[in-house]
There are 2 protein chains.
Amino acid sequence: MARKTLDAVQLALASIDGFASAQEIHARLRETGHSLGLTTVYRCLRSMTGDHRVDFVRRDDGEGAYRFCGTSHHHHLVCRSCGDTVEVQAEAVESWAQTVGEASNFRDLHHTVELTGICASCSGR
Amino acid sequence: MARKTLDAVQLALASIDGFASAQEIHARLRETGHSLGLTTVYRCLRSMTGDHRVDFVRRDDGEGAYRFCGTSHHHHLVCRSCGDTVEVQAEAVESWAQTVGEASNFRDLHHTVELTGICASCSGR
DNA sequence: AACAATTATGAAAATGGTTTTCATTCCTGT
DNA sequence: ACAGGAATGAAAACCATTTTCATAATTGTT
């Protein structure tokens with residue numbers, strides 16, 4: 001794989017907040033002028049996850065999602081009614097997840113936390 | 001959906017230790033004399049997960065896996081390699097989720113937490 | 001019982017993300 | 001410049017899952 005290509009993918013990944021699917025990354029690359037094929041994007045991501053340079057998770061719908069390692073991550077509180085989103089601090093969860101995983105002898109821990117609710121402006125008034 | 005069918009699927013699920021894919025459940029049903037189509041199995045599982053009567057996770061290869069679940073609210077630590085699962089107590093997360101939601105003026109809070117990692121037996125040694 | 005209306009079923013086709021194939025293009029070292 | 005290997009991407013293959021749609025089973029009504 002060409003370093004130039006790897007760098008482009010990494011940059012695209014870094015420019016996206018949180019996890020992104022291969023196709024989203026591909027779209028981002030197109031937007032920023034790079035013309036990489038989808039195949040190549042998949043190849044890069046695969047190699048990067050193999051090197052632990054990128055985190056990989058599966059979304060519930062089966063689509064894979066990638067995140068540049070080292071990117072600080074946070075969680076979202078999503079309104080089920082209007083879709084509005086709030087970023088939330090999750091220190092407590094980070095350390096909890098780590099502790100629980102280690103206690104079970106699991107390695108390479110990831111976690112996804114999804115908070116939903118009804119926001120103030122949707123909940124009546 | 002016919003209750004008879006739902007029962008058959010539930011029974012098959014219960015006869016399997018841990019998580020099973022839709023296709024594994026379908027195979028089990030065939031072995032035990034039931035002749036249900038794969039489509040119907042998928043339909044049942046979908047409805048059961050919608051009711052929170054079965055747990056659903058994604059294996060790393062993208063295949064979905066199902067497990068009959070109890071009524072208590074809990075979280076899972078899932079091995080991304082073999083799909084093995086450990087139930088996790090999450091007192092800390094329950095209260096955290098509640099606190100964060102209230103601080104943002106959201107109501108009717110729900111949360112899902114998914115912990116994944118590589119279990120001891122899959123991570124080499 | 002007869003019969004219409006509704007629901008359940010499953011084979012085959014469609015979907016959609018991901019991987020393979022393979023012919024072509026791009027590098028790299030000599 | 002040139003041979004040999006690596007990188008690329010369009011199209012085809014893959015595979016779990018969903019949809020379609022025609023048929024079968026069930027239910028309700030007279």
Side-chain angles (χ1 to χ4, degrees), chain A residues 1-13 16 18-51 53-68 110 112, chain B residues 1-13 16 18-68 78-83 85 114 116:
Chain A
M1 229 141 314
R3 187 153 304 141
K4 194 181 73 173
T5 305
L6 288 169
D7 286 347
V9 171
Q10 180 172 316
L11 202 67
L13 204 43
I16 294 175
F19 282 89
S21 71
Q23 321 229 14
E24 286 162 358
I25 292 161
H26 180 239
R28 170 58 61 103
L29 283 163
R30 287 269 155 104
E31 287 169 15
T32 53
H34 302 80
S35 69
L36 281 179
L38 189 52
T39 307
T40 302
V41 172
Y42 273 110
R43 250 192 300 248
C44 287
L45 289 171
R46 192 120 86 95
S47 128
M48 286 169 155
T49 56
D51 294 356
R53 278 140 70 203
V54 169
D55 287 332
F56 175 80
V57 297
R58 283 272 171 194
R59 291 178 178 163
D60 251 15
D61 64 357
E63 194 178 30
Y66 306 81
R67 181 184 66 183
F68 185 64
H110 291 157
T112 58
Chain B
M1 228 144 312
R3 182 159 305 154
K4 195 180 74 173
T5 305
L6 288 169
D7 287 346
V9 171
Q10 180 171 317
L11 202 67
L13 246 188
I16 294 174
F19 280 88
S21 71
Q23 321 229 13
E24 286 162 357
I25 292 161
H26 180 239
R28 169 58 61 102
L29 284 163
R30 285 270 156 104
E31 287 168 15
T32 54
H34 302 79
S35 69
L36 282 179
L38 189 53
T39 307
T40 302
V41 172
Y42 273 110
R43 251 191 299 247
C44 287
L45 290 170
R46 203 134 166 270
S47 126
M48 286 169 155
T49 57
D51 294 356
H52 297 96
R53 278 141 70 202
V54 309
D55 287 331
F56 175 81
V57 298
R58 282 275 170 194
R59 292 180 180 161
D60 233 17
D61 63 359
E63 193 178 29
Y66 305 81
R67 183 181 67 174
F68 186 66
V78 183
C79 176
R80 288 194 298 277
S81 175
C82 66
T85 335
E114 186 74 45
T116 66

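Naming: A, B, ... by sequence-line order, numbering from 1 per chain.
Here R59(B) contributes atom CZ and T116(B) contributes atom OG1; the two are 14.5 Å apart, rounded to the nearest 0.5 Å. For the atom pair CZ (R43(B)) and CG (L38(B)), the distance works out to 10.5 Å, reported to the nearest 0.5 Å.
Taking the side chain of Y42(A) as heavy atoms from C-beta on, and the options dT18(C), dT18(D), dT8(D), the nearest nucleotide is dT18(C). With distances taken from any side-chain atom of E63(A) to the nucleotides dT18(C), dT21(C), dA16(D), the minimum falls on dT18(C). For T39(A), taking side-chain heavy atoms from C-beta onward, the closest of the listed nucleotides dT9(C), dG9(D), dT8(D) is dG9(D). For L36(B), counting side-chain heavy atoms from C-beta on, the closest listed nucleotide (dT18(C), dA10(D), dG10(C)) is dG10(C).
The distance between atom CG of L29(A) and atom C1' of dT8(D), rounded to the nearest whole Å, is 14 Å. Rounding to whole angstrom units, CG of residue D61(B) and C1' of dC15(D) are separated by 10 Å. Separating the CD atom of Q23(A) from the P atom of dT19(C) is a distance of 11 Å, rounded to the nearest angstrom. Protein atom CG of L38(A) is 14 Å distant from nucleotide atom C1' of dT20(C), rounded to whole Å. Rounded to a whole Å, the NE2 atom of H26(A) is 13 Å from the P atom of dT8(D). Atom NE2 in H34(A) sits about 12 Å away from atom P in dG9(D), given to the nearest Å. In this structure, CE of M1(B) is placed 11 Å from C1' of dT9(C), rounded to the nearest angstrom. Put simply, CZ on R59(A) is 22 Å from P on dA16(D), counting in whole angstrom units.
When all heavy atoms of Y66(B) and L13(B) are compared, the pair lying nearest together is O-CD2, 3.6 Å. In terms of heavy-atom proximity, A8(A) sits nearest to L29(A) at O-CD2, 3.5 Å. Heavy atoms only, all atoms of each residue included: H110(A) and V57(A) are closest at ND1-CG1, 3.9 Å.
The base of dG9(D) lies close enough to the side chain of R43(A) for a donor and an acceptor atom to sit less than 3.5 Å apart.
Residues R46(B) and G37(A) each lie close to DNA chain D; by heavy-atom proximity, the contact nearer the 5' end of the strand is made by G37(A).
The phosphate of dG10(C) has OP1 or OP2 within less than 4.0 Å of a side-chain N or O from T40(B).
Across all strands, S47(B) comes closer than 4.0 Å to no nucleic acid atom at all (heavy-atom distances).
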